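For clarity, every value in this text was computed on a predicted model and none was experimentally measured. By convention here, the first residue in the shown sequence is residue 1.
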Amino acid sequence: MITGSQCRAARALVEYSRERLAVASSVDISTIESFERKLGKPDDESIAALRASLEAAGAAFLPDGDRGGIGVRLKFNRSETRRIQTMEGEGGIVAHDDVP
């Protein structure tokens with residue numbers, strides 16, 4: 001599970017608007033807003049969808065532990081993220097590779 005504060009922080013790190021997160025997660029924008037503003041808590045399924053969408057965009061959620069509290073960080077730095085996005089966008093024919 002993630003908190004509303006983690007959701008808001010992760011959204012900022014991956015540079016997602018609420019609208020973009022709503023589309024990516026199929027969670028209503030008003031639900032995201034109330035979650036982030038601590039006015040309500042969505043069901044577990046919606047929270048899982050938000051988390052999965054933010055993780056797919058490059059956020060890594062940190063658990064509460066001995067070395068610090070809960071948090072969020074980027075999985076990759078910005079240049080790595082750009083290179084990954086470039087490689088994913090290259091396209092081409094998908095086929096079996098015969099290289100041993």
Side-chain angles (χ1 to χ4, degrees):
M1 289 302 207
I2 63 171
T3 66
S5 298
Q6 281 181 299
C7 181
R8 186 176 58 249
R11 196 169 52 76
L13 285 171
V14 299
E15 299 176 0
Y16 267 22
S17 65
R18 282 189 183 123
E19 293 82 9
R20 187 169 179 186
L21 180 57
V23 169
S25 64
S26 299
V27 175
D28 189 62
I29 199 167
S30 62
T31 302
I32 296 170
E33 182 177 4
S34 65
F35 180 49
E36 290 181 348
R37 295 179 66 201
K38 299 178 185 177
L39 299 174
K41 185 179 179 212
D43 59 52
D44 291 346
E45 209 172 273
S46 296
I47 293 174
L50 292 170
R51 181 179 182 148
S53 297
L54 290 165
E55 286 177 334
F61 294 95
L62 307 173
D64 192 9
D66 296 338
R67 301 179 76 195
I70 62 171
V72 63
R73 67 174 181 82
L74 288 173
K75 288 182 190 176
F76 308 105
N77 65 34
R78 296 222 186 274
S79 66
E80 289 174 323
T81 301
R82 271 188 245 122
R83 279 187 276 147
I84 290 169
Q85 288 174 343
T86 300
M87 288 186 282
E88 287 178 344
E90 285 182 350
I93 299 171
V94 177
H96 179 71
D97 190 358
D98 292 331
V99 177

Minimum-distance pair of heavy atoms, taken over all atoms of Val14 and Leu74: CG1-CD2, 4.0 Å

Run the side-chain donor-acceptor check on residues 20-28: report pairs under 3.5 Å with partners two or more places apart or on a different chain.
| unit_1 | atom_1 | unit_2 | atom_2 | d |
| --- | --- | --- | --- | --- |
| Ser25 | OG | Leu21 | O | 2.7 |
| Ser25 | OG | Val27 | N | 3.3 |
| Asp28 | OD2 | Ser30 | N | 3.3 |
| Asp28 | OD2 | Ser30 | OG | 2.3 |

Straight-line distance of Gln6 CD to Leu54 CG, nearest 0.5 Å: 10.0 Å

Straight-line distance of Thr3 OG1 to Ile47 CD1, nearest 0.5 Å: 9.5 Å

Backbone of Glu55 reached by a side-chain donor or acceptor of Lys75 within 3.5 Å: yes

Those residues that, when tested against Glu19, pass side chain to side chain donor-acceptor pair (under 3.5 Å) (two or more places apart): Ser17

Ala60 backbone acceptor or donor facing Arg73 side chain under 3.5 Å: no

Heavy-atom closest contact (Ala9 atom, Val72 atom, distance): CB-CG1, 3.5 Å

Nearest heavy atoms of Phe35 and Leu50, plus distance in Å: CD2-CD1, 4.0 Å

Backbone of Glu36 reached by a side-chain donor or acceptor of Arg8 within 3.5 Å: yes

Heavy-atom closest pair, residues Thr31 and Pro42: CG2-CB, 3.6 Å

